[in-house]
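Working notes, beginning with the structure itself.
Predicted, not measured: the structure shown is a model, and the values here were computed from it. Numbered from 1 within each chain, the chains take letters A, B, ... in sequence-line order.
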Number of protein chains: 2
Amino acid sequence: MNQITKTSAAEKVMVICGVAYTMSNCPVRDVLDNIGGKWNTLIIQGLADGPVRFSALRRMIPDISQRMLTQTLRDLQRDGFLTRTVFPTQPPSVEYALTDLGRSFLAVVLQLVTWSTDNHAQIRDARKAYDEAEG
Amino acid sequence: MNQITKTSAAEKVMVICGVAYTMSNCPVRDVLDNIGGKWNTLIIQGLADGPVRFSALRRMIPDISQRMLTQTLRDLQRDGFLTRTVFPTQPPSVEYALTDLGRSFLAVVLQLVTWSTDNHAQIRDARKAYDEAEG
DNA sequence: CTGCATCCCCGCCGATACTG
DNA sequence: CAGTATCGGCGGGGATGCAG
């Protein structure tokens, strides 16, 4: 039987591709958090061409609040996707850059972008048809 | 300049890989909604081997509430990832199955799973190192 | 320039109870 | 069996103001 998640006596367990994980140590969850967030993938893409300073990132993604920029950058740094280097200038400047892990992840993100654009029309059509049918 | 999103006079615009979208018609957003959700990818994987009935899905993913199962299935159906077929038995039975689009999407999800498991250890280590350094 | 703290809204999601 | 309806918590994320 192809069981995805199961509830054992004490601990919730999810089975993905035949391997069991708890909800808290599931690798897919860890990655999903870095994909599902509103700004994560945009920031990753923003760093694709090399190190970028904080204020430059803000200009690249004007819609983001600096609160979310700071927070998302910290999350991504914590997970090892990017590095943060502070230059002791006056006023200080901070540069963010993808790590090897981050570049590897960027490849996955770009595949996602490719698939999305390739199939966007189909999704929109399905959505429209569904909404018209149900009302 | 590699601008990701820009704010024009009236409408917020995001630029991904050189192409501009509004926040509401962005293809990546549409797909991200189907990836970032808590249960979407699990359900997609649950249907990998063929059509599955509602109650069978519940058994495959015991942690999910039937509220979220119903809702996520409806969302995925709306976007054209799966079909819903009702059999007029007594009591009624409903079968869910991936569409071609859904199977295509499943491939993306599986690549995500692969990348996650391959790089899980590295992420956990980075996270641990970060937490120990900062406190 | 970069970042933190605070307030607050809103949508996801869980729990529970009820229908054809 | 396969839903729907309702309530409520919790967290993501926006707006604003302050600090080094």
Side-chain angles (χ1 to χ4, degrees), chain A residues 5 7 12 14 23-24 26 29-30 32-43 46-47 51-79 82-97 134-135, chain B residues 5 7 12 14 23-24 29-30 32-43 46-47 51-79 82-97 130 134-135:
Chain A
T5 74
T7 328
K12 312 275 188 171
M14 33 195 322
M23 218 39 168
S24 52
C26 172
R29 279 275 144 249
D30 285 344
L32 250 45
D33 289 344
N34 284 325
I35 279 197
K38 190 169 180 181
W39 303 109
N40 304 52
T41 58
L42 282 175
I43 291 179
L47 298 176
V52 181
R53 289 186 43 190
F54 186 87
S55 52
L57 272 172
R58 284 196 72 179
R59 282 189 294 273
M60 291 168 73
I61 319 175
D63 286 356
I64 198 174
S65 63
Q66 94 266 58
R67 176 199 180 345
M68 288 315 296
L69 182 54
T70 302
Q71 180 175 309
T72 309
L73 284 169
R74 212 184 318 108
D75 292 344
L76 290 172
Q77 183 197 355
R78 187 170 105 98
D79 281 9
L82 52 82
T83 59
R84 188 186 108 112
T85 53
V86 182
F87 294 98
T89 58
Q90 190 54 255
S93 66
V94 181
E95 212 172 63
Y96 294 90
E134 313 292 314
Chain B
T5 75
T7 328
K12 311 274 188 171
M14 33 193 323
M23 215 44 169
S24 52
R29 279 272 143 249
D30 285 345
L32 249 44
D33 289 343
N34 283 324
I35 279 197
K38 190 169 178 179
W39 302 109
N40 303 52
T41 58
L42 282 173
I43 291 179
L47 298 176
V52 181
R53 290 184 43 188
F54 186 87
S55 52
L57 271 173
R58 283 196 74 181
R59 282 190 293 274
M60 291 168 72
I61 318 177
D63 285 357
I64 199 173
S65 62
Q66 90 271 48
R67 179 203 189 314
M68 287 315 295
L69 181 55
T70 303
Q71 180 175 310
T72 308
L73 283 170
R74 217 185 313 109
D75 292 344
L76 290 172
Q77 184 197 356
R78 186 170 105 99
D79 281 9
L82 52 82
T83 59
R84 189 187 108 111
T85 53
V86 182
F87 295 97
T89 58
Q90 191 52 256
S93 66
V94 181
E95 212 173 63
Y96 294 90
Y130 182 94
E134 313 292 314

Run the side-chain donor-acceptor check on residues 67-74 of chain B: report pairs under 3.5 Å with partners two or more places apart or on a different chain.
from: B:Arg67; atom 1: NH1; to: B:Gln71; atom 2: OE1; distance (Å): 2.7
from: B:Thr70; atom 1: OG1; to: B:Gln66; atom 2: O; distance (Å): 2.8
from: B:Thr72; atom 1: OG1; to: B:Met68; atom 2: O; distance (Å): 2.7

| said: So if I define the base as every atom that isn't primed, P, OP1 or OP2, how would nucleotides 4-20 of chain D read as a B/S/- string at a heavy-atom cutoff under 4.0 Å? | reply: B-B------BBBBB---
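Rounded to a whole Å, the CG atom of B:Leu73 is 11 Å from the P atom of D:dA2. Residue B:Gln90 contributes atom CD, which lies 11 Å from atom C1' of D:dA2 at whole-angstrom precision. Rounding to whole angstrom units, CD of residue B:Gln77 and P of D:dA2 are separated by 15 Å. The CG-P distance, from B:Leu69 to D:dG3, rounds to 8 Å in whole Å. For B:Arg53 and D:dG3, the CZ to P distance is 10 Å, given to the nearest whole Å. At whole-Å resolution of the value, CG in B:Asp33 and C1' in C:dC12 are 12 Å apart.
In this structure, A:Phe87 reaches neither bases nor backbone, as no heavy-atom distance under 4.0 Å exists between it and the strands shown.
With rounding to the nearest 0.5 Å, the separation of OH in A:Tyr96 from CZ in A:Arg53 is 11.0 Å. To the nearest 0.5 Å, atoms CG (B:Leu32) and NZ (A:Lys38) are separated by 11.5 Å. Note that CD1 of A:Ile43 and CG of A:Leu82 are 8.0 Å apart. Values are rounded to the nearest 0.5 Å.
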| task | Please test A:Trp39 against A:Leu42 for side chain to side chain contact (heavy atoms under 4.5 Å, CB included), starting from the C-alpha separation and ending with a verdict. | result | CA-CA 5 Å; A:Trp39 303 109; A:Leu42 282 175; 3.7 Å; yes
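With contacts defined as side-chain heavy-atom distances shorter than 4.5 Å, the pair A:Phe87/A:Val94 does not qualify.
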